> 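Dropping the structure in here first, questions after.
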Amino acid sequence: MSCLGGGRGGQLGAFVAPPIARGYRVIAFDAPAHGASTGNRTDMVEYASTVQAIANQFGPLWGILGHSFGAGNVVYASHDFGVQAPKMVLIGCFSNAVWVTEAFGTLLGIPAGVVARMRALLEAEHPGKLYWEKLSISGMLASLNRPTLLIHDEDDQEIPYWNAELLHKESPSKTELYSTRGFGHRRIVRNDAVVERAVAFLTAASA
């Protein structure tokens, strides 16, 4: 059985050895335009399609873990691309894809009109596949009804903590929220307690 980790493979390196020690196989990958992968740009359709392709090649999966943009795409791939995994761990996940584009624009000082145009161009690039106004990650997660561990740092300045609260609020019966403080958006994936909590959740016997 395999576990799938999104984003730059090395970024989630701390999550590799513990499940292997428990007898599992781990599949880590660099998403398109991430790490050693080719390209200098990607989007959610390409990212989720990559998750689907890897799941098809290495599945069935016993769990799937993603961080940041990868976490949101784990949900998107599961909801729209049929990726199956009994459990998910989402670290620093965003709750809405439109919000992500707007936050990105604010961070880089890109005018709102330019960001909106970018979304329109991407919709045109993926006709029938990408509808930004429907890309509610919290709504997708709720409809999946899949046991999910949400891990988020209260001091996360890139994907604020309220995103985790919203994800949990919309899926209270199937999500657990594990909160940390002082690790921010990036150092959280190197924290020993976070790694142990995530691996314990993924490898625990299902009820």
Side-chain angles (χ1 to χ4, degrees), residues 3-7 12 31 42-52 55 61 63-107 112 115-116 118-120 122-123 126 128-181 183-186 188-189 194 197-198 201-202 206:
C3 176
L4 194 61
L12 300 177
T42 190
D43 56 56
M44 291 187 69
V45 172
E46 184 177 48
Y47 199 127
S49 297
T50 301
V51 175
Q52 178 192 38
L61 306 177
I64 186 167
L65 180 149
H67 171 244
S68 192
F69 190 59
N73 277 289
V74 161
V75 179
Y76 182 38
S78 300
H79 186 273
D80 279 28
F81 292 78
V83 172
Q84 298 294 319
K87 299 177 182 179
M88 300 189 297
V89 174
L90 308 176
I91 306 174
C93 187
F94 56 93
S95 60
N96 186 281
V98 172
W99 174 85
V100 166
T101 65
E102 293 174 347
F104 176 77
T106 299
L107 179 66
V115 174
M118 177 200 72
R119 289 198 297 264
L122 284 171
E123 281 193 356
H126 300 289
K129 291 184 178 180
L130 179 61
Y131 301 99
W132 285 98
E133 296 304 326
K134 293 183 179 180
L135 282 179
S136 168
I137 301 303
S138 59
M140 290 180 180
L141 182 61
S143 69
L144 286 171
N145 196 34
R146 188 176 300 176
T148 302
L149 175 63
L150 305 168
I151 302 178
H152 215 110
D153 194 84
E154 295 181 12
D155 299 319
D156 191 327
Q157 299 299 308
E158 297 182 42
I159 308 292
Y161 184 72
W162 61 259
N163 284 274
E165 293 180 311
L166 181 59
L167 289 165
H168 182 51
K169 180 180 178 180
E170 294 198 17
S171 306
S173 65
K174 285 294 182 177
T175 61
E176 298 178 32
L177 177 56
Y178 179 73
S179 304
T180 62
R181 179 171 291 176
F183 299 110
H185 188 66
R186 301 184 185 277
I188 190 172
V189 297
V194 167
R197 184 69 183 85
F201 177 82
L202 288 172
S206 300

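If you're wondering where the values come from, they're calculated on a predicted model, not measured in any experiment.
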> If every non-hydrogen atom of L166 is compared with every non-hydrogen atom of S95, which pair is closest and at what distance?
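It is CD2-OG, 3.6 Å.
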
> Is the backbone of F69 close enough, under 3.5 Å, to the side chain of N73 for a donor and an acceptor to pair up by distance?
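Yes: the side chain of N73 pairs with the backbone of F69.
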
> Look up atom CD1 in I137 and atom CG in L167, then write down how far apart they are to the nearest 0.5 Å.
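Going from CD1 on I137 over to CG on L167, the span is 8.5 Å.
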
> So which heavy atom on V194 is nearest to which on Y178, and how close?
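Minimum heavy-atom separation between V194 and Y178: CG2-CE2, 4.1 Å.
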
> Looking at A142, is its backbone amide N or carbonyl O close enough to the side chain of S171 to form a donor-acceptor pair, meaning the two atoms are under 3.5 Å apart?
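The answer is yes, because a donor-acceptor pair under 3.5 Å joins these two groups.
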
> Which heavy-atom pair separates H152 from C93 by the least distance, and what is that distance?
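Looking at all heavy atoms of both residues, the shortest contact is CE1-O, 3.6 Å.
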
> Can you measure from CG (L90) to CG (L65) and round to the nearest 0.5 angstrom?
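Between L90 CG and L65 CG, I get 8.0 Å after rounding to 0.5 Å.
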
> Would the distance check show the side chain of Q52 and the main-chain N or O of F81 forming a donor-acceptor pair, the cut-off being under 3.5 Å?
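Such a contact is found between Q52 side chain and F81 backbone.
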
> Distance from Q84 atom CD to R146 atom CZ, nearest 0.5 Å?
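It comes to 5.0 Å.
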
> Is the side chain of D153 donor-acceptor paired with the backbone N or O of G184 at a distance under 3.5 Å, no angle test?
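Yes, because the side chain of D153 sits within donor-acceptor range (under 3.5 Å) of the backbone of G184.
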
> Working to the nearest 0.5 Å, report the span between NE2 of H79 and CG of L144.
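The CG atom of L144 is 6.0 Å from NE2 of H79, to the nearest 0.5 Å.
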
> Are the side chain of Q157 and the backbone N or O of D155 linked by a donor-acceptor pair below 3.5 Å?
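At least one qualifying donor-acceptor pair exists.
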
> T148 versus K174: any side-chain heavy-atom pair under 4.5 Å?
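SC-SC contact between T148 and K174 ruled out.
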
> What distance do T175 atom OG1 and K169 atom NZ have between them, rounded to the nearest 0.5 Å?
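Here the interatomic distance stands at 12.5 Å.
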
> Counting only N and O atoms by type, is there a donor-acceptor contact under 3.5 Å from the side chain of S143 to the main-chain atoms of M140?
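Yes, because the side chain of S143 sits within donor-acceptor range (under 3.5 Å) of the backbone of M140.
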
> Looking only at heavy atoms, what is the nearest atom pair of L202 and G63, with distance?
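Looks like CD2-CA, 3.9 Å.
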
> Step by step, work out the side-chain contact (heavy atoms from CB on, under 4.5 Å) result for L141 and L150.
CA-CA 11 Å; L141 182 61; L150 305 168; 4.3 Å; yes

> If you look at every heavy atom in S136 and N96, which pair is closest and at what distance?
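Where S136 meets N96 most closely, the heavy atoms are CA-ND2, 4.0 Å.
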
> Would you say the side-chain atoms of H67 pair up with the backbone N or O of I188, donor to acceptor, closer than 3.5 Å?
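Flag not set: sc H67 to bb I188 has no pair under 3.5 Å.
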
> Identify the heavy atoms of V83 and A55 that sit nearest to each other, and give their distance.
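Reported closest heavy-atom pair: CG1-CB, 3.9 Å.
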
> Rounded to the nearest 0.5 Å, how far does CZ of F183 lie from CD1 of I91?
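So the CD1 of I91 and the CZ of F183 are separated by 12.5 Å.
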
